[in-house]
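The basis for the numbers below is simple: all heavy atoms, side chains too, and nothing from hydrogens, waters or symmetry mates. Lettering follows sequence order; numbering is per chain, from 1. Source: prediction; values computed, not measured.
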Number of protein chains: 2
Amino acid sequence: MIISKTTSYAIRILQAMARNEKEATTATILFRQLKIKERYLKRLMTTLAKQGFIKGKRGRSGGFILARPANQIFLSGVIEAVEGLESFNACILGVTDCRLSPVCAMHDVWGEIRKTMLNTSSSTTIQDLAKSPGNIQTEMSNK
Amino acid sequence: MIISKTTSYAIRILQAMARNEKEATTATILFRQLKIKERYLKRLMTTLAKQGFIKGKRGRSGGFILARPANQIFLSGVIEAVEGLESFNACILGVTDCRLSPVCAMHDVWGEIRKTMLNTSSSTTIQDLAKSPGNIQTEMSNK
DNA sequence: CATAAATAATACCTTCAGGTATTAATATTT
DNA sequence: AAATATTAATACCTGAAGGTATTATTTATG
């Protein structure tokens, strides 16, 4: 996959939360919506809270809510927080720091792709996704 | 990474072999050129032979040689043989068979990227890479 | 205050890509 | 025929991502 499974989970979670941005939700509700393994989802929520994307509130009427407006959460930020951006900068054939070394035979070939990915992920926000029509309730297919 | 480490190894190996397409080479020679862990490289050579990209000849003056002309080996074929194309077809957010379901919120967003990747990899041959100036002798940076 | 319902933290388990080791088979040279 | 240099096959090891289990903490409410 282009992004890791966990990262795509994170994006789906934030997207779902952005659909009613002002109201808090719980991990259990999200689990029912997204069909992500409940325990894993809960742990990921904690990670997203630590990273400052959402705020958690404990206790009986607790839950999670977006920590900042959905239109200020860029996909690139989520990717960076969850899996790091190294995979975007890394040369497709493994030349360390591809940007500096035009010796890589695939440099030109894949340059466009990387550029597109960076442009897209750093100009698309969670709100953009939330506004899009579809919902995502399907379980992951591996790989 | 966009493609797996093993796949990029495979591409680098075929690229190196294509540089003098007519002559056979050995795993040891390739190891010295490419700095890929020798044992892993040897095992990968066997895989590439099984998949029909190269031919192996045992014995004292044995070695490997391309099984078909470098300009008939497309990157998409190598990727497919080594890691499968599922990762290319798979939806970035995990909707099974994204091509059929326009419900995925990122369908449009990432459609261009996938198209570019498929176009590039299925129109670029190992020969194209072999003709390009640089050589790749750097060890992989992880991730 | 006790209970219930939620998040937080932490430790452990599982799977698989990447990597290592060993042995077998084959061909050439002496 | 023996030694040597190569590929082929197979089984095992390792680390990290993905997933599970358990316990602690916080808060609302009867």
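- A heavy-atom distance below 4.5 Å is not found between the side chains of B/Lys37 and B/Arg43.
- Distance alone, capped at 3.5 Å, is enough to place a donor-acceptor pair between the A/Glu83 side chain and the A/Ser4 backbone.
- For A/Thr6, the side-chain hydrogen bond (donor to acceptor under 3.5 Å, both in side chains) partners at least two apart in sequence or on another chain are A/Tyr40.
- Toward the 5' end of DNA chain D, the nearer of the two residues B/Lys50 and A/Glu38, judged by each one's closest nucleotide, is B/Lys50.
- In this structure, the helix from C/dC1-D/dG30 to C/dT30-D/dA1 shows an angle of 20° between the axis at its start and the axis at its end, each fitted on 5 base pairs and rounded to 10°.
- A/Arg43 has its CZ atom 11 Å from the C1' atom of C/dC13, to the nearest Å.
- With values rounded to the nearest 0.5 angstrom, B/Ile54 atom CD1 is found 10.0 Å from B/Thr25 atom OG1.
- D/dT14 atom C1' lies 13 Å from atom NZ of B/Lys37, rounded to whole Å.
- Picking from C/dT20, C/dA8, D/dT20 the nucleotide with the shortest atom distance to the side chain of A/Tyr40 gives D/dT20.
- Of the listed nucleotides (C/dG19, D/dA21, C/dA6), D/dA21 has the atom at the smallest distance from the side chain of A/Arg39.
- Protein atom CE of A/Met45 is 14 Å distant from nucleotide atom P of C/dA9, rounded to whole Å.
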With the sugar-phosphate defined as primed atoms, P, OP1 and OP2, and the base as all remaining atoms, what B/S/- string results for nucleotides 23-30 of chain C, 5' to 3', for protein heavy atoms under 4.0 Å? --BBBBS-
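- Evaluation of the side-chain hydrogen bond (donor to acceptor under 3.5 Å, both in side chains) rule for A/Ser121 yields no partner, not counting sequence neighbours.
- For B/Thr26, there are no side-chain hydrogen bond (donor to acceptor under 3.5 Å, both in side chains) partners, not counting sequence neighbours.
- For B/Glu21, there are no salt bridge (charged side-chain N to carboxylate O under 4.0 Å, His left out) partners, not counting sequence neighbours.
- Between the P atom of C/dA6 and the CG atom of A/Leu30 lies a distance of 12 Å, rounded to the nearest Å.
- At whole-Å resolution of the value, NZ in B/Lys5 and C1' in D/dA16 are 12 Å apart.
- The nearest whole Å value for the distance from the CG atom in A/Leu44 to the C1' atom in C/dA9 is 15 Å.
- The distance from atom CD1 of B/Ile54 to atom P of D/dT6 is 16 Å, rounded to the nearest whole Å.
- Per the geometry, CG belonging to A/Leu41 stands 12 Å off P belonging to D/dT20, to the nearest Å.
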